[in-house]
Structures are given as C-alpha cells and as structure tokens.
Asks: 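One structure is given below, represented as structure tokens, and several questions about it will come after.
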Amino acid sequence: MIETPHFAEMVTAKNYDREPFHRWLYFKQGYSPPLVRAFLDENRPRGGRWPGPILDPFSGSGTCVIESGRRSVPAIGIEAIPSLAFLTNCTFERDLPPLSTLVSSVLENESEPKTSGVGWAVPTEIAAQLEHPLHRAALMLAVSRQYTTAGKFNRGAKPLQSLFADVLATMNEDLRTPMPQANICRVGDARNLSGIADQSIGGIITSPPYLSRHNYQQITKPYETMYRFWYGQDPERGPAPSTQLPAHARARTATAISNQIPLGYNVLQPCLEEIAISLDATGQKIWINIVREYFQDMRRVLMECRRMLAESARLWVVIGGARLGDVYVPADLMLAELAENCSFRVRAIRVARDLVTPRRKFGAAGHIAPRESIVIAEARR
Ligand SMILES: C[S@@+](CC[C@H](N)C(=O)[O-])C[C@H]1O[C@@H](n2cnc3c(N)ncnc32)[C@H](O)[C@@H]1O
C-alpha cells in the first residue's frame, strides 16, 4: 500500500466540471478526466499501439470513454443504466441541429415548469416534440440540473427553460472542440460481458459502486424517467434495474444469490466471516448478505476483466472502503485479494484519500477512516 495524496483529487469528479464534454453531466460519483489521462500515460505500450480498446465496465457518466476519445484512444464503456450510456454516446455526435420553431415557442411561453408531464417537471408537449438525440440529451441534462447530485429536487434551481438553453449553448461550444475518436458505451452488466472476446482489451480503468454509499437508481431517476418516455422499456436497451450493483434494496428482501453461485467464496471467508460476526454483534444483520453479495459480484466482475484483458495489460480499480456503523470493511484489501485469486498480480494499492474526516473511532479497531484507493493489477500469464 502506498500513500498517494496527489491522486486524492483525481479519484473524484468534484473539481472537473469545466472540461469540454465532461461538463455536460455532473456526476458526483465519477472519477476525473486527469485520472484517465494518468492511466493512459502510465500504461501506454511502447510504440504507442494498445493491444485493444480500453474498457470501463462501470462507465457511469462515461469519463473513461469520453477522455480516451479526446486522446484518440479507442475505448468501450459498459453501463447498467441506459440513460447514462445514452448521454455518453451523445458526446460523440457531431451536429446539433436548431430546435424546431414549435419547441422554441413552447419554451419561450413557458414561464413556470409544469409539475405534471414526463415524470419530473417536464411538459409532455416539449418532450414529445424532440427527435434528435442531442435535443433529447439536452432536455435530460437540463432536468438533471434541477436535482441535487443525490437525486433530490432542488427548489433553488433555475427554471427548466433557462437550464435547457444553457445546456444547448454548452453543447454547441463543445461540439466544436476536437473529438478524434468516436467511442461507445453499451448498456450491459459488468458481471457478464460474454459479448467481449477473450484477451481483446488493452487496459481497464473502472470504479464499481461502493458499498453503502450511493443509490444509482435514485440519483439517475429524473433523467432515466425521461429516457424511458422516448425509448421505452425495451430489454434490448438495458438489463432490468435489479442487475445493478450493489443490491441495497434487493438484498433486504431477496435471499442471497451467494447460495446459488459456487464462486471462490472460501478465499475471502476469514475476512467476510469476521465482518459478518461484527455486523451481527452490532445489530446490523441486514448488511451481512449485502456485503457477501457485493464481494461475490466483484469476483465475477474481476473474472470477466481477467478473461477479457490482453496479456500483461493493466487493471486500475478505484474503490472505497465502507463504514457500516462501527464495522469497517477494507474494500481495497479485499478486492486486491480477490484479484490475486482471479489470476491477477497486484502491483500496488495506491491510497488516494480518506473518505471520512475527521477520523472516526471504530470500536475495537481504533481510529480508522475508510480509504479510497486505486488497486493496480496486471493480468498474470
Ligand atoms: C462509481 S459509478 C462509476 C462512475 C464512472 N467512473 C464515472 O466517471 O462516471 C458506478 C456505475 O456503475 C453502474 N453499475 C452498477 N451496477 C452495474 C452493473 N452490474 N453493470 C454495469 N454497470 C453497473 C452504476 O449505474 C454507476 O453508474
């Protein structure tokens, strides 16, 4: 484990909402464009030819595919939430046609956004008039700006019309800046990427959902609802929401999939058992299956990553530990152990920052803050 405080800013999207294309959707849970640049610079093969495209199997707002595209590097994103994949793909469109006069006049006459219509305060007559993907994306992004990064309506937000105009202006400006490589984000499930061939990927940089931190369905609901209005529930367009990680809501009611999947669970048994005992002792039984499922899911993801990665290619996983009451889950160490078990060689765990300040007392464990780290591994022969 290496302390790398210069990565502290790079593992978050917080200070990078001004870069072209990345500024379309402010996704607090993302990592930053400089982190992708660091990955590309550090791992670029001699001669500059990557053995295959770069992959981010938890693409989120598309930071990896967008930044790789700006740097002329082919990349693929996989994302469970269709509206996020759609918004990412929109950054590779080139032309933004003018709005129809009908839409413009509806927007001009609308003094207050209506609260009925397409889900969140979007008048149906406006949404129904928009056909071009970039116009639809602009309205989705305008709506997203009326919400906090946790998905709550922000009463102080500007009216929708003016946000829509702002987004269109930003898009117009960014579409004039170079995007030499048109990349793609597909809707899919990181645990099963059978559509991607063995050893075909030149490098992976990714950040899975963290245990206990964000509910992506809640965060993306405002624009996901709009996406569904235009593109429907067609399963071709995305897996059912229940395939998303982590399984907060699902795990509360469903029996753990852990019973059904014979994964190498034994590898983690001592650590997981210790966590399970502590959770039980502190009255947090509800978390036991969630934690188990989470690491089983991570193992499936790592196995897929190992299968797809070209020999010696690198994997960077940005991951945060968790604090469940007084129980501490060292997710970076657990993931590193899993990676070794999936035929990776772990090169380093770069500790970027503490997730909680000031440090909190963890019962018998003393003062420990959950870390946010980058696990760096190489595909072993
Ligand atoms: C931490 S965010 C990734 C943010 C991304 N690095 C960025 O810069 O925007 C994790 C993402 O994984 C997605 N996700 C959750 N479960 C998934 C699954 N099974 N397959 C693919 N993506 C999934 C979530 O919807 C969320 O967008």
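Whatever order the structure lists ligands and atoms in, that order sets their numbers, starting from 1.
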Asks: Looking only at heavy atoms of C64, does any of them come nearer than 4.0 Å to an atom of ligand 1?
Replies: no
Asks: With a 4.0 Å cut-off on heavy atoms, does A13 reach ligand 1?
Replies: no
Asks: Just checking, is any N or O donor in the side chain of N289 or Y294 under 3.5 Å from an acceptor N or O on the other one?
Replies: no
Asks: Distance under 4.0 Å to a non-hydrogen atom of P57: what atoms of ligand 1 satisfy this?
Replies: 21 (C), 22 (N)
Asks: Got more than 12 heavy atoms from elsewhere within 6.0 Å of CD, E131?
Replies: no
Asks: Heavy-atom distances under 4.0 Å are what count here, so tell me which part of Y31 touches ligand 1: side chain, backbone, both or neither.
Replies: both
Asks: Sequence neighbours left out, what passes side chain to side chain contact (heavy atoms under 4.5 Å, CB included) with N89? Give chain and number order.
Replies: I184, C185
Asks: Which bit of T206 gets closer than 4.0 Å to ligand 1, counting heavy atoms only: side chain, backbone, both or neither?
Replies: neither
Asks: With ring-ring contact (aromatic ring centres under 6.0 Å, His included) as the rule and sequence neighbours excluded, what pairs involving residues 73-95 come up?
Replies: F86-Y227, F86-Y231
Asks: For ligand 1, which is the ligand I care about here, please tell me if E79 has any N or O atom under 3.5 Å from one of the ligand's N or O atoms.
Replies: yes
Asks: Heavy-atom pairs closer than 4.0 Å: do any link ligand 1 to the side chain of F27, the backbone, both, or neither?
Replies: side chain
Asks: Using only atom types and a distance under 3.5 Å, with no angle test, would you say the side chain of E79 pairs donor to acceptor with the backbone of G60?
Replies: yes
Asks: Is the closest side-chain donor-acceptor distance between Q29 and Y216 under 3.5 Å?
Replies: no
Asks: Say whether P208 and ligand 1 are in contact under the criterion: heavy-atom distance to a ligand atom below 4.0 Å.
Replies: yes
Asks: Between T206 and D56, do the side chains contain a donor N or O and an acceptor N or O under 3.5 Å apart?
Replies: yes
Asks: Taking 4.0 angstrom as the limit and counting only heavy atoms of S59, give me the atoms of ligand 1 inside it, by number and element.
Replies: 5 (C), 7 (C), 9 (O)
Asks: Provide the number and element of each atom of ligand 1 under 4.0 Å from a heavy atom of P209.
Replies: 10 (C), 15 (C)
Asks: Please determine if S61 has a nitrogen or oxygen closer than 3.5 Å to a nitrogen or oxygen of ligand 1.
Replies: yes
Asks: Q29 to ligand 1: N or O pair under 3.5 Å?
Replies: no
Asks: For the residue pair N341 and R299, confirm or rule out a side-chain donor-acceptor distance under 3.5 Å.
Replies: yes
Asks: Polar contacts were defined as any N/O atom of the residue lying under 3.5 Å from an N/O atom of the ligand; does this apply to G30 and ligand 1?
Replies: no
